[in-house]
Amino acid sequence: MANLKTTTTLFFVLFLIAMTSLPSITLCDENLIESTCRKTPNFNLCVQSLKAFPGSASADVRGLGLIMVKVMQSKANDAINKIRELQRSGPSPALTSCASKYNAIVVGDIPEANEAFSKGMPKFAENGANDAANEATFCENGFNGRSPLTQQNNAMRDVAAITAAIARQLL
């Protein structure tokens, strides 16, 4: 009986220690998100994007980069859906060009960045993110100032620039 009481008391003490140390662990991880995002071109969007993903609080910088690649994928999907919606109104060379550019982002740039972060090759992750930002810029410029995709293109450029900045922190 004494052994059970000692074991139970020890377990309870260890449990209390673990529970009281959790807030400091979370604070440390939130500090990593914030310190990482301070080195990007858009601190607020970076923090908002990362904190919206489960697991970001326990991620290292490479993991934060991988999360931002997922955010890029989401923004690319938003743009592709908008392009498809707009194409229902009729063909447009600019929309066709944008569809091709976003296809390049989804098929080439995002997988490149994802694989590079996963394999610890941040320069290639940066290249993939920068390429995605460039494709969104080319899409936007194809409309000569009257783009129906400005919101989607800006969103892609912004998250891609954040992703590239995170990759540079790993160099």
Asker: Other residues, nucleotides and ligands only: do more than 12 of their heavy atoms fall within 6.0 Å of NZ on K51?
Answerer: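 Counting other residues, nucleotides and ligands, NZ of K51 exceeds 12 neighbours.
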
Asker: So do the side chains of E126 and L171 get within less than 4.5 Å of each other, counting heavy atoms only?
Answerer: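 Heavy-atom side-chain distance check passes, below 4.5 Å.
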
Asker: To the nearest 0.5 Å, tell me how far M156 CE sits from N77 CG.
Answerer: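 The CG atom of N77 is 8.5 Å from CE of M156, to the nearest 0.5 Å.
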
Asker: Please name the pair of heavy atoms, one in L45 and one in V159, separated by the smallest distance, quoted to 0.1 Å.
Answerer: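 Closest approach of L45 to V159, heavy atoms only: CD2-CG1, 4.1 Å.
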
Asker: Could you state the interatomic distance from CG (D131) to CG (D109), rounded to the nearest 0.5 Å?
Answerer: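 D131 atom CG to D109 atom CG measures 4.5 Å (nearest 0.5 Å).
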
Asker: Can you measure from CE (M121) to CD (E112) and round to the nearest 0.5 angstrom?
Answerer: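 One gets 8.5 Å once the value is rounded to the nearest 0.5 Å.
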
Asker: Using the rule that Ile, Leu, Val, Met, Phe, Trp and Tyr join whenever any side-chain heavy atoms are under 4.5 Å apart, tell me whether I67 and F124 fall into a single cluster.
Answerer: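 No; tracing contacts between hydrophobic side chains, which count when under 4.5 Å, never links both residues.
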
Asker: Starting from the C-alpha separation in whole Å, work towards a yes-or-no answer on side chain to side chain contact (heavy atoms under 4.5 Å, CB included) for Q152 and L149.
Answerer: CA-CA 5 Å; Q152 290 78 15; L149 296 168; 4.0 Å; yes

Asker: Is any side-chain heavy atom of L64 closer than 4.5 Å to one of L32?
Answerer: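 Side-chain contact under 4.5 Å: yes.
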
Asker: Short question: side chain of N114, backbone of I110 - any donor-acceptor pair under 3.5 Å?
Answerer: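 Not confirmed, N114 side chain does not pair with I110 backbone.
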
Asker: Can you see which heavy atom on A132 is nearest to which on I105, and at what distance?
Answerer: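 Minimum heavy-atom separation between A132 and I105: O-CD1, 3.6 Å.
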
Asker: Look at atom CD of Q87 and say whether more than 12 heavy atoms of other residues, nucleotides or ligands are closer to it than 6.0 Å.
Answerer: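 Yes, enclosed.
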
Asker: Any side-chain heavy atom of F117 within less than 4.5 Å of one from M68?
Answerer: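 Contact flag for F117/M68 side chains = no.
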
Asker: Do you know the tightest heavy-atom contact between C46 and I166?
Answerer: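 Answer, listing the atom of C46 first, then I166: SG-CD1, 4.4 Å.
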
Asker: I need the minimum non-hydrogen distance between P122 and A167, along with the two atoms involved.
Answerer: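 Taking every non-hydrogen atom into account, CB-O, 3.3 Å.
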
Asker: For a 4.5 angstrom cut-off between non-hydrogen side-chain atoms, does S97 reach F138?
Answerer: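 Answer no - side chains too far apart.
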
Asker: What pair of heavy atoms forms the shortest contact from P111 to V106, and how long is it?
Answerer: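 P111 and V106 have their closest heavy atoms at CD-O, 3.2 Å.
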
Asker: Taking the side chain as every heavy atom from C-beta outward, state whether I162 and S49 have any pair of such atoms under 4.5 Å apart.
Answerer: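 The answer is no, as the side chains (C-beta and beyond) never meet within the 4.5 Å cut-off.
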
Asker: So, Y102 versus D78: side-chain donor-acceptor pair below 3.5 Å or not?
Answerer: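 Per modelled atom types, Y102 and D78 side chains form no pair under 3.5 Å.
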
Asker: Using 0.5 Å steps for rounding, measure from the CG atom of N141 to the SG atom of C98.
Answerer: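 That separation rounds to 9.5 Å.
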
Asker: For the CZ atom on F53, are there more than 12 heavy atoms of other groups (residues, nucleotides or ligands in this structure) within a distance under 6.0 Å?
Answerer: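 More than 12 heavy atoms, drawn from other residues, nucleotides or ligands, come within 6.0 Å of this atom.
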
Asker: For T40 and Q169: C-alpha separation, side-chain torsions, deciding distance, then whether side chain to side chain contact (heavy atoms under 4.5 Å, CB included) applies.
Answerer: CA-CA 9 Å; T40 70; Q169 294 176 46; 4.2 Å; yes

Asker: Starting at CG of L95, measure out to OG of S100 and round the result to the nearest 0.5 Å.
Answerer: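 So the CG of L95 and the OG of S100 are separated by 12.5 Å.
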
Asker: With no hydrogens and no angle check, just 3.5 Å: does a side-chain donor-acceptor pair link N44 and Q48?
Answerer: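 Short answer, no.
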
Asker: Given side chain to side chain contact (heavy atoms under 4.5 Å, CB included), test S147 with N153 step by step and report yes or no.
Answerer: CA-CA 9 Å; S147 172; N153 289 328; 4.0 Å; yes

Asker: Could you tell me whether K101 and E140 have a side-chain N and a carboxylate O separated by less than 4.0 Å?
Answerer: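 Result for this pair is no, no salt bridge flagged.
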
Asker: Locate the shortest heavy-atom distance separating A129 from A164; write the atom from each residue and the value.
Answerer: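 Minimum heavy-atom separation between A129 and A164: CB-N, 3.7 Å.
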
Asker: So how far is it from N103 CG to E135 CD, rounded to the nearest 0.5 Å?
Answerer: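 Going from CG on N103 over to CD on E135, the span is 10.0 Å.
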
Asker: Given the rule in the side chain to side chain contact (heavy atoms under 4.5 Å, CB included) test, do I33 and C37 qualify, once you have shown the distances and angles that lead to the verdict?
Answerer: CA-CA 6 Å; I33 290 172; C37 289; 4.1 Å; yes

